[in-house]
Amino acid sequence: MVQTAIQLFTLADVEEPLPELVARVGDTTFDGVEFYDAHFDALADEETRARTRTALEDADLEVAGAHVSIDRLESNVESLVSVCRDVECSTLVIPTYEAEAFATREGVEAAADRIAGLATDLESHDVDLLYHNHTFEFESVGGDGEVAFERFVDHADGRFGFEPDVGLATHAGYDALSLLEQVAGAAPIVHLTDTVPDDDEKLHADVGDGVVDIEACADRAAEGGADWIVCENGRTDDPLASLEHGSEAFADLRDRV
């Protein structure tokens, strides 16, 4: 059964400690949470880590994954793995990369090789590594119209997985269903986000407020073997309303898949 989670960046403007944010999500229908980079700073404190673990247990929530910068991964892998063990997080996600790298085939392949090396290191700790797309990965590279992300997936060659963000791909003009098809079998977590193209303020939108066929994407994600579908609105003006709206919408999606 596919489970639902919220990327806590949606609640970045809610001025509450991490354990309280987890407890707040526990009052919704979501099955889990997804942390992001700043949370590793908070979880470095042993008391906060213990309180967060207790909050997760009390709320009956799982950690779907955690976004972490590639620089932090390369410099601090042992401490990251320690945090992951304590909060029972088995998946880390690189949330973005230098856009310039995706401007050439050589840059794309070098990025894939770099990430694959980190995935190998994490594998020895029983932690999986995924890559989360933004918009710049969908530009053409070379003279034959090849899309950078497609080259990236080919060169990854199964050495790491993906967390496709359907809204960001759509904002870039790339077909969301094609994206999910391309990473099927290698995308245990899918960001089911909405968007309004040509409006940077609506790069992310609450599901149903944009142009993405969220139900079709949920179906395709499940068909492709996703374990988690994740809600995120990184541009919300009302994070608590987005949390509530997302909870209701994703409960319906979970029921249909």
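- In this structure, the separation between OG1 on Thr52 and CG on Leu61 is 12.0 Å, given to the nearest 0.5 Å.
- Of the listed residues (Val93, Val63, Thr91), just one forms a side-chain contact (heavy atoms from CB on, under 4.5 Å) with Glu34, and that residue is Val93.
- Leu43 and Val33 end up in the same hydrophobic cluster when Ile, Leu, Val, Met, Phe, Trp and Tyr side chains are linked at under 4.5 Å.
- Salt-bridge check for Arg114 with Asp71: passed, with a basic side-chain N closer than 4.0 Å to an acidic carboxylate O.
- Of the possible donor and acceptor atoms, one in the side chain of Thr29 sits under 3.5 Å from a partner among the backbone N and O of Ser247.
- Residues Val212 and Ile229 share a hydrophobic cluster, clusters being chains of Ile/Leu/Val/Met/Phe/Trp/Tyr side chains in contact below 4.5 Å.
- In this structure Cys84 satisfies the side-chain contact (heavy atoms from CB on, under 4.5 Å) test together with Cys89, Leu92, sequence neighbours excluded.
- Remark: Ser69 OG to Phe40 CZ distance equals 9.5 Å, nearest 0.5 Å.
- The ring pair (Phe, Tyr, Trp, His ring centres under 6.0 Å) test applied to Phe136 returns Phe102, not counting sequence neighbours.
- A search for ring pair (Phe, Tyr, Trp, His ring centres under 6.0 Å) contacts involving His204 returns nothing, not counting sequence neighbours.
- A donor-acceptor distance shorter than 3.5 angstrom exists from the side chain of Asp45 to the backbone of Thr48, with no hydrogens or angles considered.
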**Message:** Using the rule given for side chain to side chain contact (heavy atoms under 4.5 Å, CB included), can you reason through Glu20 versus Arg51, listing the C-alpha separation, both sets of side-chain angles and the distance that settles it, and then say yes or no?
**Reply:** CA-CA 9 Å; Glu20 278 74 5; Arg51 289 178 57 223; 2.9 Å; yes
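- Between the side chain of Thr120 and the backbone N or O of Ala116 there is at least one donor-acceptor pair closer than 3.5 Å.
- A salt bridge (Lys or Arg N to Asp or Glu O under 4.0 Å) with Arg151 is found for exactly one of Glu106, Glu109, Glu139, namely Glu109.
- Here His245 pairs with nothing under the side chain to side chain donor-acceptor pair (under 3.5 Å) rule; sequence neighbours left out.
- By the ring pair (Phe, Tyr, Trp, His ring centres under 6.0 Å) test, Tyr174 pairs with Phe138, sequence neighbours left out.
- Annotation: salt bridge (charged side-chain N to carboxylate O under 4.0 Å, His left out) contacts of Glu88 (sequence neighbours excluded): none.
- Looking at Asp31, Thr4, Val2 one by one, the single match for side-chain contact (heavy atoms from CB on, under 4.5 Å) with Trp228 turns out to be Asp31.
- Cluster partners of Leu203, using a side-chain heavy-atom cutoff of under 4.5 Å among ILVMFWY residues and allowing indirect links, are Leu168.
- Annotation: Asp255, atom CG; neighbour count of heavy atoms from other residues, nucleotides and ligands within 6.0 Å is above 12.
- The closest donor-acceptor contact from the side chain of Ser82 to the backbone of Glu78 lies at 3.5 Å or more, if one exists at all.
- Note: the hydrophobic cluster containing Leu179 does not contain Val196 (ILVMFWY, side chain heavy atoms under 4.5 Å, direct or indirect links).
- Of the possible donor and acceptor atoms, one in the side chain of Asn233 sits under 3.5 Å from a partner among the backbone N and O of Thr236.
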Using residues 123-132 as the side-chain source, report each donor-acceptor pair under 3.5 Å to any protein atom, sequence neighbours left out, with the distance given to one decimal.
residue: Ser124; atom: OG; partner: Asp121; partner atom: O; Å: 2.7
residue: Tyr131; atom: OH; partner: Glu137; partner atom: OE2; Å: 2.6
residue: His132; atom: ND1; partner: Pro95; partner atom: O; Å: 3.1
residue: His132; atom: NE2; partner: Asp165; partner atom: OD2; Å: 3.1
residue: His132; atom: NE2; partner: His191; partner atom: ND1; Å: 3.4

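- Asp41 has a carboxylate O that lies under 4.0 Å from a charged side-chain N of Arg72, or vice versa, which qualifies the two as a salt bridge.
- Considering Thr195, Leu180, Asn133 in turn, Leu180 is the only one that fulfils the side-chain contact (heavy atoms from CB on, under 4.5 Å) rule with Val166.
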**Request:** Please lay out, stage by stage, how Leu177 and Glu181 fare under the test side chain to side chain contact (heavy atoms under 4.5 Å, CB included).
**Result:** CA-CA 6 Å; Leu177 296 178; Glu181 185 67 31; over 6 Å; no
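- Other residues sharing the hydrophobic cluster of Val141, ordered by chain and number and joined by side-chain separations under 4.5 Å: none, the residue standing alone.
- Note on residues 6-28: pairs passing ring-ring contact (aromatic ring centres under 6.0 Å, His included), not counting sequence neighbours, are Phe9-Tyr36.
- Note: Phe30 and Phe250 have tilted aromatic rings, judged against thresholds of 30 and 60 degrees for the angle between ring planes.
- For the pair Pro239 and Leu11, the tightest heavy-atom approach, listed with the atom from each and the gap, is O-CD2, 3.5 Å.
- Here CG of Leu192 is found 9.0 Å from SG of Cys231. Values are rounded to the nearest 0.5 Å.
- Clustering ILVMFWY residues whenever any of their side-chain heavy atoms sit less than 4.5 angstrom apart, transitively, puts Leu240 in the very cluster that holds Leu18.
- Considering only residues two or more places apart in sequence or on other chains, Tyr97 meets the ring pair (Phe, Tyr, Trp, His ring centres under 6.0 Å) condition with none of them.
- Salt-bridge check for Asp113 with Arg159: passed, with a basic side-chain N closer than 4.0 Å to an acidic carboxylate O.
- In this structure, CG in Asp213 is found 10.0 Å from CZ in Arg220, a value given to the nearest 0.5 Å.
- Taken from CZ in Arg53 to CG in Asp58, the straight-line distance is 11.5 Å, to the nearest 0.5 Å.
- For Glu244, there are no side chain to side chain donor-acceptor pair (under 3.5 Å) partners two or more places apart in sequence or in a different chain.
- A salt bridge is defined here as a Lys NZ or Arg NE, NH1 or NH2 lying under 4.0 Å from an Asp or Glu carboxylate O, and Arg49 with Glu46 fails to meet this definition.
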